[in-house]
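A short worksheet on the structure shown next.
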Number of protein chains: 2
Amino acid sequence: MKLSTKGRYGVKAMFDLALNSDEDPIPLKDIASRQEISESYLEQLISGLRKAGLVKSVRGAQGGYLLAKSPDKITVGEVIRTLEGPMAPSECVVEDTQACEKSDYCVTRLVWKKMKDSVNEVMDSITLQDMVDEYSSINKEK
Amino acid sequence: MKLSTKGRYGVKAMFDLALNSDEDPIPLKDIASRQEISESYLEQLISGLRKAGLVKSVRGAQGGYLLAKSPDKITVGEVIRTLEGPMAPSECVVEDTQACEKSDYCVTRLVWKKMKDSVNEVMDSITLQDMVDEYSSINKEK
DNA sequence: GTTAAACCAAGTAAAATAGTCGGAATTGGA
DNA sequence: TCCAATTCCGACTATTTTACTTGGTTTAAC
């Protein structure tokens with residue numbers, strides 16, 4: 001049940017964008033080096049985030065990436081689901097998937113459903129802004 | 001974030017044992033055919049469950065498997081963690097693992113921690129007996 | 001002593017993961 | 001006008017994990 005690097009790096013990158021955002025776009029190179037992620041790999045991931053409408057890009061020199069919405073409007077859940085797909089422990093609880101023919105009376109399915117709902121609820125309750133706030137409150141104590 | 005077949009089959013097998021348990025041990029063949037799982041694969045999984053003390057085995061003819069504890073003392077969480085390992089989205093929140101050197105001020109780590117705790121809480125709150133009860137309540141309506 | 005079962009270790013094909021690589025298109029600034 | 005910095009894109013690849021299978025040994029009931 002480990003998350004793959006896609007989800008983990010994706011959240012880190014988005015957090016980095018939220019933390020370092022001003023007006024100017026942030027080049028991928030900066031994010032990659034700050035977060036210690038391979039730049040060319042991160043490129044793939046951020047491409048997905050862009051297609052999902054979570055970040056905007058500015059091409060050419062002095063270009064880079066920006067959050068497409070304000071950090072309090074972007075949840076960890078959106079980021080992770082974009083990169084990892086639906087957080088379903090089993091195929092049979094992926095939305096808009098044909099559940100198996102036993103699903104009406106399948107008890108294990110109810111278990112997977114509860115797990116899925118629980119994870120999504122937590123993920124969707126955390127915004128990038130929450131992470132930024134938490135970061136500030138940890139670091140002001142120094 | 002899908003569960004592997006280990007966890008999924010494991011829960012099914014344990015549920016099957018809880019549902020069909022009387023005094024006699026239940027041969028793996030029966031569980032495998034009822035749950036539509038490859039018998040030789042399930043053998044591996046149940047071996048892990050036995051070593052973890054969740055099932056008991058009786059060897060020889062008329063042998064099979066039994067729950068090691070009563071179904072209300074076995075949680076889905078125990079079963080899944082036995083077969084899948086700790087349900088940690090990231091290495092850095094696996095208990096008794098060295099967290100990385102940034103863990104003191106790492107905000108993403110807090111996110112993984114929340115996800116982990118949430119999943120474990122749900123899993124640990126469901127016992128095999130709960131599943132059996134749910135099964136009966138679904139099926140008595142027919 | 002035959003049969004039904006658990007037990008064990010090793011092997012394996014297919015899929016997923018975690019990247020790399022090479023180049024094309026875009027744009028700001030010298 | 002050209003150069004450098006950057007995004008964008010698609011294909012390739014080594015490694016690891018998954019989901020098994022196979023072939024056998026041991027144990028115990030009848």
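Labels below follow one simple rule: chain letters A, B, ... track the order of the sequence lines, proteins then strands, and each chain is numbered from 1.
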Nearest heavy-atom approach of A/Gly7 to A/Glu84 is N-OE2, 2.8 Å
Any side-chain N or O of A/Tyr9 less than 4.0 Å from the OP1 or OP2 oxygen of C/dG19? yes
Check this for me, if you would: do A/Lys73 and A/Glu78 make a salt bridge, where the nitrogen-to-carboxylate-oxygen distance has to be below 4.0 angstrom? no
Find the distance B/Gln44:CD to D/dT18:C1' and express it as a whole number of Å. 11 Å
Starting from C1' on D/dT7, measure out to CZ on A/Arg59 and report it in whole angstrom. 5 Å
CG of B/Asp24 versus P of D/dA28: gap in Å, rounded? 17 Å
Starting at CG of A/Leu42 and ending at P of C/dG19, how long is that distance when rounded to a whole Å? 11 Å
Nearest whole Å is fine: how far is C/dT17 C1' from B/Lys2 NZ? 15 Å
For atom CD1 of A/Ile37 and atom C1' of C/dG19, their distance in whole Å: 13 Å
Rounded off to whole Å, could you give me the CD-to-C1' distance for the B/Gln62 and C/dT2 pair? 13 Å
I need the CD1-P distance between B/Ile46 and C/dA6, as an integer number of Å. 8 Å
Touch class at under 4.0 angstrom, heavy-atom based, for A/Leu28 against every strand present: sugar-phosphate
Mind checking if B/Ser57 touches a base, just sugar-phosphate, or nothing, with heavy atoms under 4.0 Å? sugar-phosphate
Hydrophobic clustering (ILVMFWY, side-chain heavy atoms < 4.5 Å, transitive) - are B/Val58 and B/Leu49 grouped together? no
